[in-house]
Amino acid sequence: IAANDSLSDAQREQAATTIAQLKADDEAPSYIASEVLMQLYPNFEDAMAALGEEEVDVAVTKLSELGKGEDKHLAAEATYYRGRAHIMTEHDELALAVWNAILEDHAEATFRTAEALFFKGMSESQLLKRKEAIASLDKFILDYENAPERMQVAAWHELELLRAIEEGTLTDV
């Protein structure tokens, strides 16, 4: 925020106040980032509202544009939510491309690398890319042991299912 020349002093001050309040409430960094970005960028807030209303096509269009912007943190957050939108509509191939973009292009600008890796593994599993899914979910469990328990349990469960499938069996087919 401090380095972003496109923001006014009033916007910086308002963002700092929001950050302080949310940190005092013990909110997660990813939640704080989303809230501040929605405050700073009305277009992002509009895209998030569309996503919340399940107007997925509208949200994806808006998030795609924001993902090309100059603010690398906004671009990363918009890209992340575009991936979530694709998951909502079960477009796992599109989602997988987004998770790879987060991990490869936006990792330095987001708090969402753990979530992106988790969703990457889940998308790979849905696309029947078993070996890739196992590698992604194993990496998630090993590298992000402090990730939310619901994600840890889901990853472990998905790994158990993937490992139970033997190549060439009817279940595999």
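Just so we're clear, the structure is a prediction, and the values are computed from it rather than from any experiment. Below, each value reflects all heavy atoms present in this structure, side chains not excepted, and no hydrogens, waters or symmetry copies. We number each residue from 1, following the sequence as shown.
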Exercise: identify the closest heavy-atom pair between [X] and [Y]:
{"X": "Ala2", "Y": "Arg12", "value": "O-NE, 3.6 Å"}
{"X": "Gly69", "Y": "Ala75", "value": "O-CB, 4.2 Å"}
{"X": "Ala78", "Y": "Gly67", "value": "CB-N, 3.8 Å"}
{"X": "Phe44", "Y": "Leu66", "value": "CA-CD1, 3.5 Å"}
{"X": "Ala47", "Y": "Leu63", "value": "CB-CD2, 3.7 Å"}
{"X": "Ser136", "Y": "Gly121", "value": "CB-CA, 3.7 Å"}

*Tell me the side chain to side chain donor-acceptor pair (under 3.5 Å) pairs involving residues 38-49, sequence neighbours left out?*
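Residue pairs passing side chain to side chain donor-acceptor pair (under 3.5 Å), neighbours aside: Asn4-Tyr41, Thr18-Gln39, Tyr41-Asp71.
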_Could you work out, with side-chain hydrogen bond (donor to acceptor under 3.5 Å, both in side chains) as the rule, every residue matching Lys72, not counting sequence neighbours?_
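Expected list: none.
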*Using the test side-chain hydrogen bond (donor to acceptor under 3.5 Å, both in side chains), find all partners of Asp138 that sit at least two apart in sequence or belong to another chain.*
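With neighbours one apart ignored, the set is Arg163.
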_Do Leu127 and Leu161 sit in one hydrophobic cluster, given that two such residues count as connected whenever their side-chain heavy atoms are within less than 4.5 Å of each other, even indirectly?_
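No, Leu127 and Leu161 fall in different hydrophobic clusters.
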*Kindly work out whether a path of hydrophobic side-chain contacts (I/L/V/M/F/W/Y, heavy atoms less than 4.5 Å apart) joins Ile134 to Leu117.*
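Ile134 and Leu117: one cluster.
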*Would you check, one step at a time, whether the test side-chain contact (heavy atoms from CB on, under 4.5 Å) holds for Thr113 with Asp143?*
CA-CA 10 Å; Thr113 51; Asp143 291 356; over 6 Å; no
*By salt bridge (charged side-chain N to carboxylate O under 4.0 Å, His left out), which residues pair with Glu65, not counting sequence neighbours?*
Lys68
Show which side-chain atoms of residues 85-100 pair as donor or acceptor with protein atoms under 3.5 Å away, not counting sequence neighbours.
{"from": "Thr89", "atom 1": "OG1", "to": "Ala85", "atom 2": "O", "distance (Å)": "3.4"}
{"from": "Thr89", "atom 1": "OG1", "to": "His86", "atom 2": "O", "distance (Å)": "3.1"}
{"from": "Thr89", "atom 1": "OG1", "to": "His91", "atom 2": "ND1", "distance (Å)": "2.7"}
{"from": "Trp99", "atom 1": "NE1", "to": "Ala95", "atom 2": "O", "distance (Å)": "3.4"}
{"from": "Trp99", "atom 1": "NE1", "to": "Ser123", "atom 2": "OG", "distance (Å)": "3.4"}
{"from": "Asn100", "atom 1": "OD1", "to": "Lys120", "atom 2": "NZ", "distance (Å)": "3.3"}
{"from": "Asn100", "atom 1": "ND2", "to": "Leu96", "atom 2": "O", "distance (Å)": "3.3"}

*Which pairs with one or both residues in residues 121-143 pass ring-ring contact (aromatic ring centres under 6.0 Å, His included), sequence neighbours excluded?*
Phe118-Phe140
*If you look only at pairs with a residue in residues 47-73, which of them pass as a ring-ring contact (aromatic ring centres under 6.0 Å, His included), with sequence neighbours excluded?*
none
Show me the side-chain donor-acceptor pairs of residues 149-160 shorter than 3.5 Å, one per line, residues at least two apart or across chains.
{"from": "Gln152", "atom 1": "NE2", "to": "Tyr144", "atom 2": "O", "distance (Å)": "2.5"}
{"from": "Glu158", "atom 1": "OE2", "to": "Ser125", "atom 2": "OG", "distance (Å)": "2.4"}

*Is the shortest heavy-atom distance from the side chain of Ile19 to the side chain of Ile1 under 4.5 Å?*
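They are in side-chain contact.
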*Do the side chains of Ile32 and Glu35 get nearer than 4.5 Å, heavy atoms only?*
no
*Which distance, rounded to the nearest 0.5 Å, do you find between the CG of Leu128 and the CZ of Arg130?*
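Going from CG on Leu128 over to CZ on Arg130, the span is 9.0 Å.
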*How many angstroms lie between atom CG of Leu74 and atom NE2 of His106, to the nearest 0.5 angstrom?*
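With rounding to 0.5 Å, CG (Leu74) is 10.0 Å from NE2 (His106).
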*asked:* I need the full list of salt bridge (Lys or Arg N to Asp or Glu O under 4.0 Å) pairs touching residues 15-29, with sequence neighbours left out, sorted by first then second residue.
replied: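 Those involving residues 15-29 do not exist here.
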_Inter- and intrachain pairs under salt bridge (Lys or Arg N to Asp or Glu O under 4.0 Å), touching residues 76-87, at least two apart_ = Glu77-Arg112
*Can you name the ring-ring contact (aromatic ring centres under 6.0 Å, His included) partners of Tyr81, sequence neighbours left out?*
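ring-ring contact (aromatic ring centres under 6.0 Å, His included) check on Tyr81 returns nothing, list empty.
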Atom pairs and distances, side-chain donor-acceptor, residues 50-62, under 3.5 Å, sequence neighbours left out:
{"from": "Thr61", "atom 1": "OG1", "to": "Asp57", "atom 2": "O", "distance (Å)": "3.0"}

